[in-house]
Amino acid sequence: MSDQREILVGKRDDGTDLYLPVVELLTGRGFVTGKSGSGKSNTASVIAEELLESGFPLLIVDTDGEYYGLKEEYEMLHAGADEECDIQIGPEHAEQMASLALEENVPVILDVSGYLDEDVADELLRKIARQLFVKEKKLKKPFLLVVEEVHEYIPEGGGMGETGRLLIKISKRGRKHGLGILGISQRPADVKKDFITQANWLVWHRLTWDNDTNVVGRIIDTEYSELVSELDDGQGFVQTDWMDVDVRKVQFRRKRTFDAGATPGLDDFERPELKSVSDALVGDLQDISERKDREESRILELENELEKKEKRIETLEDELESARDVSNAAKQMADALTRKETLQTQLGGSDDEELRRLHDEIVDLETERDELEDELGALEAELDKRDEQIETLEGKLASRTETVERLREENERLRGRVQVLEATAEEETAEAQTVEAEMAEKPNAESTGETEILQAGGDDVEFGFTSVEWPNETESDSDESEEITTAPEPKPPEAVFEGEWIDDRLERAAEQSQCTVPTARRALVVLTQDGPLESAAIADAVGRSTVAVQGLCSELLTEGVLARPAERTYTLSDDVRTKLNAMASAE
């Protein structure tokens, strides 16, 4: 594997080269989108070419059979259901495919376009992705899983299956194991927003539908909703967590390898010469297929043989019943005759002999049937045992996932509470310093003959003090006393942005972004104290990523909570400032 740290993918708008860090691509969470013909698949192929050129492994889930052109320059295993593939595989090959990709550094094109049964293709992807996730826990090797048409697996509108939930899990938890994921789709509005908001690098090619451009406005900024529809082929807005500038306009280079996804024209189609993989590699996978075929053939053979035996037993039982009827009739006739012993011997001897022969043959057949049933039962028991082991492991994984999610939510809640307490402590420290300064400036109370109450700003009632007249010696026995009003506990700064006037808007903004309502309130406090600010400065203040805070600010702008005085700069809207002033006057 190469020591290369960056790959060249295109040129910025100012003409300089754009390099992307290899580790972020291999282990990060990426999303590439754009309408058909805008260049999204070309961008994915360019990234794949550069990674393959440097010897980095990856697995591409090809839903339309358009990536096999990479084999023009690189040795890759093309696996699927079509005869054009190097090997035809099924779900039973999942573990071997993951081992080849991770442990033997074999790049893989998983072509699911040729499966007539969609359930088989879905099961194959699910099992391979699960094996990658499990093996990466031990290997922790940078590896990229590329998924075309990702909206088919993780749709926004619901109906997400087990495969989609597994891809979401990889996007959230795969990075710490070294397993990255790149989702590709031409309709971002149809992709579950949990996946898009988890991405730390995104490429937006040309989009024209309103639903899709609205997603751009929410994730980047509303100004890009119109700009994204004006992009040329191959151009895109690149948004990452690691660049100094949040968004850059980039012209991606054309891929070097054969474009198998190009729209067919009138010219003759000429398929290039493709590189093949090792025969030994394909042989290992074929052994798995042949072993499965042998097992299925043996089971079918046993079932057919068992069926024949059962039919033979039924025939013999009918013959035995018929022979018994003849024997009974002979015995009844013999009883009716005078010479009972002689006739019974003549009629019964041959019948008893036939009965014994039939009985022995039935016993032999039943013994063979029992042996076949035992062998079939052993195979079925082994299959049941494996199914139970799989269900047990899946149950443990689901339980651990729920525990991790619960702990993550609790950690987020505690982090918010700590930030509130830290802010309160800072305010109390400032007030204490103000009190000390005032005490140092005031004259000695004894020299003036007056007793004063020290306050850190505010009136007597706010700080719990009232005018107190000390009684003289003659009034010392009086039962009268003055009431002392207790000062209310100070509220955290975020409390200003609580109440019916703003709660609904904050909840909607949080729901459409990857931030929580407490984070939104902290951001508003920061803007109240130091605004206007750019999204990056707000992100530093609240401890979240720039991409996440950019999405939150965009949603708050839509809700009328924020205004934008300059590009990527935010401040409180006039309505919110008016409300805060009214609240301050009321207090």
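A salt bridge does not link Asp17 with Arg12: every distance from a Lys NZ or Arg NE/NH1/NH2 to an Asp or Glu carboxylate oxygen is 4.0 Å or more. Salt bridge Asp259/Lys255: present, at least one basic N to carboxylate O contact under 4.0 Å. A salt bridge is absent between Glu494 and Arg522; no separation between the charged side-chain nitrogens and carboxylate oxygens falls under 4.0 Å. By the 4.0 Å N-to-carboxylate-O rule, Arg256 lies close enough to Glu53 to be salt-bridged with it. Ion pairing of Glu156 with Arg187 is absent here, as no side-chain N (NZ or NE/NH1/NH2) approaches a carboxylate O to less than 4.0 Å. Comment: Lys35 does not engage Asp212 in a salt bridge, judged by the lack of any side-chain N to carboxylate O separation of less than 4.0 angstrom. A salt bridge links Lys135 to Glu103: one of the charged nitrogens lies within less than 4.0 Å of a carboxylate oxygen. Between Asp232 and Arg206 there is no salt bridge, since no side-chain N of the basic residue sits under 4.0 Å from a carboxylate O of the acidic one. Between Arg521 and Asp503 there is a salt bridge, since a side-chain N of the basic residue sits under 4.0 Å from a carboxylate O of the acidic one. Here Glu123 pairs with Lys127 in a salt bridge; the nearest charged N to carboxylate O distance falls below 4.0 Å. With salt bridges taken as basic N to acidic carboxylate O contacts below 4.0 Å, none links Arg508 and Glu555.
For the side-chain contact (heavy atoms from CB on, under 4.5 Å) test with Ile109, the passing option among Leu59, Val61, Asp62, Leu58 is Asp62; the others fail.
Between His205 and Thr33, the side chains place no donor N or O within less than 3.5 Å of an acceptor N or O (distance only, hydrogens not considered).
Across all non-hydrogen atoms, the minimal contact from Ser41 to Glu148 is OG-OE2, 3.0 Å. The two residues Ser573 and Gly560 come nearest to each other via the heavy atoms OG-O, 2.8 Å. Minimum heavy-atom separation, Val238 to Phe252: CG2-CZ, 3.8 Å.
Remark: Arg29 CZ to Trp201 CH2 distance equals 12.5 Å, nearest 0.5 Å. A distance of 13.5 Å separates CD in Gln198 from CD1 in Ile170, rounded to the nearest 0.5 Å. With values rounded to the nearest 0.5 angstrom, Lys141 atom NZ is found 14.0 Å from Thr27 atom OG1. We find the CG-CZ distance between Asp221 and Phe237 to be 11.5 Å, quoted to the nearest 0.5 Å.
You'll find the side chain of Thr213 stays beyond 4.5 Å of the side chain of Glu226, heavy atoms only. For the pair Leu52/Pro107, a side-chain contact is recorded, criterion being any heavy-atom separation below 4.5 Å from C-beta on. The shortest distance between side-chain heavy atoms of Tyr19 and Ile7 does not fall below 4.5 Å. Considering only heavy atoms from C-beta on, Met160 comes within 4.5 Å of Pro155 through its side chain. Inter-residue side-chain proximity for Thr571 and Leu562 is flagged as unmet; no heavy-atom pair is nearer than 4.5 Å. Looking at Val216 and Pro188, their side chains never come closer than 4.5 Å, going by heavy atoms from C-beta outward. The closest side-chain heavy-atom distance from Met76 to Val108 is not below 4.5 Å. With contacts defined as side-chain heavy-atom distances shorter than 4.5 Å, the pair Leu144/Ile60 does not qualify.
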Report task. For the pair Thr516 and Thr519, evaluate side chain to side chain donor-acceptor pair (under 3.5 Å) and give the outcome as yes or no after the intermediate values. Result -> CA-CA 5 Å; Thr516 62; Thr519 300; 3.0 Å; yes
**Report entry** Full working for side-chain contact (heavy atoms from CB on, under 4.5 Å) between Ile168 and Tyr153
**Finding:** CA-CA 10 Å; Ile168 289 289; Tyr153 303 103; over 6 Å; no
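Relative ring orientation between Tyr68 and His78 is described as parallel, the plane-to-plane angle staying below 30° on a 0-90° scale split at 30° and 60°.
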